[in-house]
Amino acid sequence: MRRFERKQNIFRNKDALGESYQPERIEERDEEIEEYMNALQPVIDGWEPNNIFLYGNTGVGKTAVTDYLLDRLQDDVAAYDDIDLSIISLNCKTLNSSYQVAVELVNELRPSGGEISTTGYPQQTVFKKLYQELEAIGGTILIVLDEVDSIGDRDELLYELPRARANGNLDSAKVGVIGISNDFKFRDQLDPRVQDTLCERELQFPPYDATELKNILESRVEVAVTDGSIDTGVLQLCAALAARDSGSARQALDLLRLGGEIAENREAEMIKEAHIEDARSQLEQERVEEGMRELTTHGRLALLAVISKAAKEETPCRTRDLYEEYRSLCESSETDALGQRSLHNHLSDLRMLGILSAHENRSGSRGNYYNYELDVPFTSAIEAMSDVLHLTTEIDTIRDIAAMNNVG
DNA sequence: CATCCACTGGAAGATATGGCGA
DNA sequence: TCGCCATATCTTCCAGTGGATG
């Protein structure tokens with residue numbers, strides 16, 4: 001048996017490429033930082049804080065800049081005795097209503113043991129509890145709501161919080177909301193009254209271009225990687241791939257980190273472009289499998305129907321045919337089949353996740369409809385399905401058919 | 001030019017689950 | 001226990017859509 005051995009030829013401090021790493025300096029965001037600081041100025045001056053709304057794609061530095069500036073703010077505020085600043089941060093990714101965000105905030109503020117459950121109360125009751133907790137803290141309170149777009153149009157909390165003082169719900173506490181959103185459209189779908197207040201100060205974080213990404217990578221590499229273990233062109237490649245896709249520093253750093261891990265496992269001397277290419281496809285596959293793992297039973301059956309059609313080389317494929325396939329899979333797994341409209345909903349979800357793609361078919365008197373097909377490699381799809389629903393024999397059959405047809 | 005197909009996508013209503021306070 | 005409350009997931013209903021067809 002091979003022994004565990006420490007491999008240290010490539011990374012010096014791999015964490016510096018990770019999600020939680022806070023660099024000492026934020027690169028390429030000077031303008032945004034300046035504007036952000038201005039927006040936070042009232043906190044130092046002792047006035048009611050501005051509500052601030054940040055938007056931009058994932059990985060363009062919204063959260064990083066916020067963490068960085070609020071740390072600084074908390075340090076600097078210590079110099080003034082008359083200001084009592086508290087910061088509450090909450091990631092709303094898994095919370096899809098104001099109600100749930102409010103519950104989560106209350107639970108954050110309460111000592112462990114005193115948490116309230118996530119359902120059962122009327123919404124206003126939860127808001128009242130939240131106000132009580134905020135009053136108990138007092139002073140200036142900044143509430144950071146990361147990925148706040150996941151609450152959709154159930155935005156009552158965003159209406160309530162900025163007005164709490166005016167409505168007499170808060171007295172000693174001055175509350176400012178900092179909303180962070182990955183979704184540009186989120187701002188527009190908000191209630192106009194919410195836009196007025198929450199978006200008092202708006203900051204846009206544009207995607208990084210390839211040059212900026214390269215600079216960011218270079219500054220992290222100094223800390224993270226040992227000298228001379230990166231081939232020429234590797235950083236360029238990471239930057240280019242990420243710039244073309246999302247303009248996300250997160251993505252560029254992930255590519256480099258995973259590429260480095262691959263290089264280490266292959267006992268290479270340095271990270272080469274080929275390692276980055278491999279990292280790219282592995283990350284893509286992970287993204288898809290992540291999406292598939294979170295599907296409900298019927299979501300999986302819907303996907304499996306497409307996979308099965310793909311194995312028979314019958315994709316792209318219309319809803320009607322997928323519905324038949326889906327019904328027979330339901331029968332095999334002794335699950336009650338849903339209506340066709342519901343299958344259509346699941347297919348739409350799968351399309352949003354980038355697992356399926358659909359092409360419109362406009363064939364006149366014979367109707368307009370979508371033709372669906374897999375938008376991920378057949379192999380990744382069927383791998384992610386392997387552990388599903390007493391359907392192992394059916395899945396094996398699909399595999400056999402696929403092999404016969406040389407699919408995948 | 002009206003009609004038709006085969007859906008698509010929006011909206012409202014039903015059902016089930018789990019939790020609250022009285 | 002009962003009447004509420006919030007949520008997730010489905011079902012039902014229906015107004016489009018737009019090229020082909022008569």
Side-chain angles (χ1 to χ4, degrees), chain A residues 90 92-108 110 112-133 147-161 185-186 188-191 291-306 309 314-327 329-331 333-373 375 388-389:
Chain A
L90 184 61
C92 308
K93 192 184 343 197
T94 58
L95 312 169
N96 26 27
S97 68
S98 280
Y99 181 91
Q100 288 173 343
V101 172
V103 167
E104 221 30 59
L105 284 172
V106 170
N107 286 342
E108 192 98 332
R110 291 205 168 174
S112 62
E115 288 94 346
I116 58 178
S117 76
T118 54
T119 160
Y121 305 98
Q123 180 156 270
Q124 282 302 326
T125 310
V126 179
F127 287 171
K128 257 179 213 147
K129 288 178 195 289
L130 177 57
Y131 293 139
Q132 279 167 19
E133 297 300 325
E147 305 191 47
V148 68
D149 43 314
S150 72
I151 69 168
D153 53 4
R154 286 124 84 174
D155 53 11
E156 302 89 342
L157 183 70
L158 302 182
Y159 179 75
E160 286 263 334
L161 268 181
K185 285 168 288 176
F186 178 64
D188 298 329
Q189 79 185 37
L190 287 173
D191 189 316
M292 291 195 240
R293 227 173 293 128
E294 285 169 14
L295 293 173
T296 60
T297 310
H298 288 288
R300 289 173 178 212
L301 283 165
L303 177 54
L304 197 53
V306 183
K309 281 290 190 185
E314 288 172 14
T315 49
C317 177
R318 64 197 302 180
T319 315
R320 179 194 290 172
D321 299 337
L322 284 174
Y323 189 57
E324 271 180 44
E325 193 72 31
Y326 159 82
R327 286 190 77 106
L329 285 168
C330 282
E331 208 163 309
S333 68
E334 289 170 15
T335 313
D336 289 337
L338 307 175
Q340 191 172 333
R341 182 65 239 267
S342 293
L343 180 69
H344 170 65
N345 279 345
H346 284 296
L347 293 173
S348 294
D349 287 351
L350 290 166
R351 203 148 51 94
M352 296 270 221
L353 289 167
I355 298 172
L356 298 184
S357 64
H359 325 280
E360 252 178 310
N361 179 319
R362 302 188 184 289
S363 48
S365 61
R366 293 200 279 117
N368 300 337
Y369 50 87
Y370 285 149
N371 280 318
Y372 295 95
E373 67 182 322
D375 201 21
V388 178
L389 314 153

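Proteins get letters first, then strands, A, B, ... in listed order; numbering begins at 1 in each.
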Subject >> Leading and trailing nucleotides of DNA chain B with any atom under 4.0 Å from heavy atoms of chain A >> reply: B:dC4 to B:dG21
**OP:** Would you kindly give the OH-to-C1' distance between A:Tyr121 and C:dC5, to the nearest whole Å?
**Re:** 12 Å
Original post:
So, does A:Ser97 use its side chain to make a donor-acceptor pair with the main chain of A:Arg154 at under 3.5 Å?
Top reply: no
Original post:
Can you list the residues that meet the salt bridge (Lys or Arg N to Asp or Glu O under 4.0 Å) rule with A:Arg320, with sequence neighbours excluded?
Top reply: none
Subject >> Proximal nucleotide (of C:dC5, C:dT12, C:dC10) relative to the A:Thr119 side chain >> reply: C:dC5
Subject >> Ionic contact status for A:Arg110 with A:Glu115, cut-off 4.0 Å >> reply: no
Original post:
So what does A:Thr118 hit on the nucleic acid, given a heavy-atom distance under 4.0 Å: a base, only sugar-phosphate, or nothing?
Top reply: nothing
Original post:
Quick one: A:Leu301 CG to C:dT9 C1', roughly how many Å, whole number?
Top reply: 15 Å
Subject >> NZ or CZ of A:Lys129 within 45° of A:Tyr121 ring axis and under 6.0 Å >> reply: yes
Original post:
C:dA6 C1' sits how many Å from A:Ile116 CD1, rounded?
Top reply: 13 Å
Original post:
At under 4.0 Å between heavy atoms, what does A:Ser117 touch on the DNA or RNA strands: base, sugar-phosphate, or nothing?
Top reply: sugar-phosphate
Original post:
Any luck finding a side-chain donor-acceptor pair between A:His298 and A:Tyr326 under 3.5 Å?
Top reply: yes
Original post:
Just how far, in rounded Å, is C1' of C:dA6 from CG of A:Leu157?
Top reply: 15 Å
Original post:
Roughly how many Å is it from CD in A:Glu294 to P in C:dT9, rounded to a whole number?
Top reply: 12 Å
**OP:** Kindly say whether A:Thr94 contributes a backbone atom to a donor-acceptor pair with the side chain of A:Ser150 at under 3.5 angstrom?
**Re:** no
**OP:** Flag yes if more than 12 heavy atoms outside A:Gln189 fall under 6.0 Å of its CD atom; otherwise flag no.
**Re:** yes
Original post:
For the pair made of NE2 in A:His344 and P in C:dC10, what is the distance, rounded to whole Å?
Top reply: 14 Å
Subject >> pair A:Val101-A:Leu158: side-chain heavy atoms closer than 4.5 Å >> reply: no
**OP:** Provide, to the nearest angstrom, the distance between the OH atom belonging to A:Tyr370 and the C1' atom belonging to C:dG16.
**Re:** 13 Å
**OP:** Give one of base, sugar-phosphate or nothing for A:Thr125, where a contact means two heavy atoms less than 4.0 Å apart.
**Re:** nothing
Original post:
Which atoms form the tightest heavy-atom contact between A:Ser98 and A:Glu156, and what is the distance?
Top reply: OG-N, 3.1 Å
**OP:** For DNA chain B, find the residues of residues 358-369 of chain A with a heavy-atom distance under 4.0 Å and give them by number; none if there aren't any.
**Re:** A:Gly364, A:Ser365, A:Arg366, A:Gly367, A:Asn368, A:Tyr369
Original post:
Between A:Arg341 and A:Asp321, which is nearer to the 5' end of DNA chain B once each is assigned its nearest nucleotide?
Top reply: A:Asp321
Original post:
Can you tell me how far P of C:dT12 sits from CG of A:Leu343, to the nearest Å?
Top reply: 15 Å
